[in-house]
Amino acid sequence: MKLENMFKKTRISSRTQGHGFGRTIRPEVPEGLLRKCNKCGGAIIAEDVKAGYYICPKCGGYFRVHAYRRIQMLIDEGTFEEWDKDLTGENPMHYRGYKEKLAAAREKTNLREAVVTGKGKINGIETVIGVCDGRFLMASMGWAVGEKITRAVERATEERLPVIIYACSGGARMQEGITSLMQMAKTSAALKRHSDAGLLYISVLTEPTTGGVTASFAMLGDVILAEPGALIGFAGPRVIEQTIRQKLPKGFQRAEFLEEHGFVDAIVKREDQRKTLTQILSLHGYEAEKAAEGNGETEQREESRQDFADANETVKQAVAEEDSSAFPHHQSLTAWDRVQLSRKLDRPSGSDYIRELFTDFIELHGDRNYGDDQAVIGGIARFHGMPVTVIAQEKGTSTKENIKRNFGMPMPEGYRKALRLMKQAEKFKRPVICFVDTPGAFCGIEAEERGQGEAIAKNLWEMAGLTVPVLSIVIGEGGSGGALALAAGDEVWMLENSVYSILSPEGFASILWKDSSKAHEAAEVMKLTAADLYSREIIEQIIPEPEGFCQDNLNQVTERLEPQIECFLQTYTQLSEGELLDRRYRRFRKF
């Protein structure tokens, strides 16, 4: 919404008595000082709003931000260099009154067109930025808008810079007809070249982002962020209601709706955007200039690498020899005992490992196709300073969490989210680390309707050719293809009391013996324990667990995992793509 010129002049009335006469005093408030929020109706002071990220201090509603003010809020002072400031379009359809409309918009906004583009630094990180301004014909996209964005992206590609675009638009500019429509294809083509060059594009959706802008550059980001409550959609609410003659549900086409349905990675408050953008840029390898590291640090890293390699070999040897000191508590457990331990409600979940092992984690939501499956968590983080992609199947550790996470049974959109993040990791050359914990992929009508089998198969297909290292760690249950869809990597490790099998023991007994009550017998027959799988070379490592393993003693496991993950990353990131893929193929070919 506009902050300027959106409120009527306000008057304050008061009744006073003086000299025995009643009189009404109506002092006028200075123009622009006091305004009225058109969301909550509260009286607000304009300067307070401007100083507070253009957010209503009473209801938290977002006002629209002018392009230059947005740049001022984001870009380091004195670093912004504007591009193509005077570029303007023509009137290709000779539409009556269009030139006058453009002239009026230019006079009113002091802009030449509806987008400002250029280059600047965010906390010292150089980036190309484009900001749409809704005051200029609702930031509709005509030739000039499409051309400015395309030129900015092309220049970013040449200079190998990331791109950030703040979208705000009513869609294609009707007065320019088919020329406007072609801007959708043109901007998309430029972004494809930028992506093919291995460069980052962040799209930030603001109120409103609709029409042809939504159907082109706004929804093509490697990372798509949105402001809270922003209206986002292809057809506007009014058009939809008039077309289908139905009242739309509350919250329809808002940012939160888009996140729930898998099309937005994260909703970020305006006051947090500069920090979040800095973090995302940094995690993708874009850094402020810094001095080169000294030889001493290089030598220290080499010594650490050898230490990690030695530690890794010691652990492997302990497992091979069944060293009782490595497994002090669990030698006498049956397979069914381990099944029960793998399912314990207080057993640490995927998110616990993410929190303990990684820093700077940013969760990215959605499959960009249908939904955001809560049974799969994924995002970008750092492991010992190295950017990695982390994906975890998540059960939760309480009944409420279990229900929210569907007991760790992913839907097709969960696997598609995981695959999207893996492919993104491949583009930016980040290793992938997966934490597997599922009784199996969800089996139900909606899962079959949305292609559960296809989603799992596609993961196996794509992971076979993924050109970055993939490590999978079974931390609880590894049930059937639902687990394999995140475990078709370069190595698979298992916690000592986790299990990994073709299906659950109950299902095995039910199918083969027509009696699910024989699950404990089935567990022995199925050879599903970590020790069973290690002896058959299905997995590469067993991670010992403490007795009574839970969140309170998770550190005893993560302290063992940490050097081994470091060793894995050091080993596999040194391989060429050909060596990595050949090694992975041979791993599965032997089974």
Side-chain angles (χ1 to χ4, degrees), residues 342 348-354 357-358 361 363-367 372-381 383 388-396 405-426 430-443 447 451-466 468-495 498-504 528 530 533 538-541 543 561 565 568 572 584 587-588 591:
S342 76
S349 63
S351 59
D352 296 318
Y353 289 87
I354 293 174
L357 288 166
F358 304 93
F361 177 66
E363 184 175 359
L364 302 178
H365 295 267
D367 66 345
D372 180 42
D373 188 352
Q374 296 294 305
V376 176
I377 295 174
I380 319 167
F383 180 82
V388 295
T389 290
V390 188
I391 302 167
Q393 291 170 324
E394 176 73 7
K395 290 181 178 179
R405 305 288 183 181
N406 198 31
F407 295 85
M409 295 183 288
M411 302 288 282
E413 48 270 25
Y415 295 111
R416 290 173 179 136
K417 173 165 66 172
L419 181 57
R420 177 176 79 85
L421 296 178
M422 290 184 204
K423 296 299 289 184
Q424 185 188 88
E426 181 179 49
R430 289 192 298 266
V432 177
I433 301 173
C434 299
F435 294 92
V436 177
D437 187 11
T438 179
F442 182 72
C443 56
Q452 187 72 286
E454 188 276 342
I456 293 171
K458 192 66 175 291
N459 275 32
L460 300 179
W461 166 283
E462 293 287 358
M463 289 178 76
L466 211 64
V468 293
V470 181
L471 170 63
S472 298
I473 307 170
V474 183
I475 59 173
E477 289 185 275
S480 191
L484 183 63
L486 293 186
D490 300 293
E491 289 193 14
V492 177
W493 304 347
M494 291 178 66
L495 266 66
S498 60
V499 295
Y500 189 13
S501 61
I502 189 170
L503 80 170
S504 70
L528 46 62
L533 297 174
I538 302 293
I539 65 169
E540 281 73 22
Q541 277 202 51
I543 311 300
L561 269 175
I565 293 173
F568 171 89
Y572 281 86
R584 188 182 301 153
R587 179 185 185 275
F588 285 97
F591 297 144

Does [X] come within less than 4.0 Å of [Y], counting only side-chain N to carboxylate O?
X      : Y      : result
Arg416 : Glu454 : yes
Asp490 : Arg584 : yes
Arg587 : Glu540 : yes

For the pair [X] (side chain) and [Y] (backbone), establish whether a donor and an acceptor sit closer than 3.5 Å, ignoring hydrogens and angles.
X      : Y      : answer
Glu462 : Leu419 : no
Glu413 : Asp373 : no
Ser498 : Val474 : yes
Tyr415 : Gly482 : yes

Is any side-chain heavy atom of [X] closer than 4.5 Å to a side-chain heavy atom of [Y]?
X      : Y      : answer
Met409 : Cys443 : no
Ile473 : Ile565 : yes
Phe442 : Pro410 : no
Val432 : Cys434 : yes
Ile543 : Leu561 : yes
Ile539 : Trp493 : no
Phe358 : Ile380 : no
Val390 : Phe383 : no

Heavy atoms only: give me the nearest [X]-[Y] pair and the separation to one decimal.
X      : Y      : value
Ala487 : Tyr500 : CB-OH, 3.7 Å
Ala447 : Pro412 : O-CG, 3.4 Å
Val376 : Ala418 : CG1-CB, 4.4 Å
Leu460 : Ala485 : CD2-CA, 4.1 Å
Gly489 : Met463 : N-CE, 4.2 Å
Val436 : Gly478 : CG1-CA, 4.3 Å

Identify, with sequence neighbours excluded, every residue that meets ring pair (Phe, Tyr, Trp, His ring centres under 6.0 Å) alongside Tyr572.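 Scan of Tyr572 (ring pair (Phe, Tyr, Trp, His ring centres under 6.0 Å), adjacent residues dropped) gives Phe568.
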What distance do [X] atom [atom1] and [Y] atom [atom2] have between them, rounded to the nearest 0.5 Å?
X      : Y      : atom1 : atom2 : result
Ile502 : Ser480 : CD1   : OG    : 6.5 Å
Arg430 : Thr389 : CZ    : OG1   : 3.5 Å
Leu533 : Met494 : CG    : CE    : 5.0 Å
Ser349 : Asp352 : OG    : CG    : 4.0 Å
Lys417 : Ile391 : NZ    : CD1   : 9.5 Å
Lys395 : Arg405 : NZ    : CZ    : 13.5 Å

Side chains of Ser342 and Glu477 only: does a donor on one sit below 3.5 Å from an acceptor on the other?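 There is no such pair (donor and acceptor under 3.5 Å, judged by atom type) between the side chains of Ser342 and Glu477.
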I would like to know whether Gln393 and Thr438 meet side chain to side chain donor-acceptor pair (under 3.5 Å); could you show each step before the answer? CA-CA 7 Å; Gln393 291 170 324; Thr438 179; 4.6 Å; no
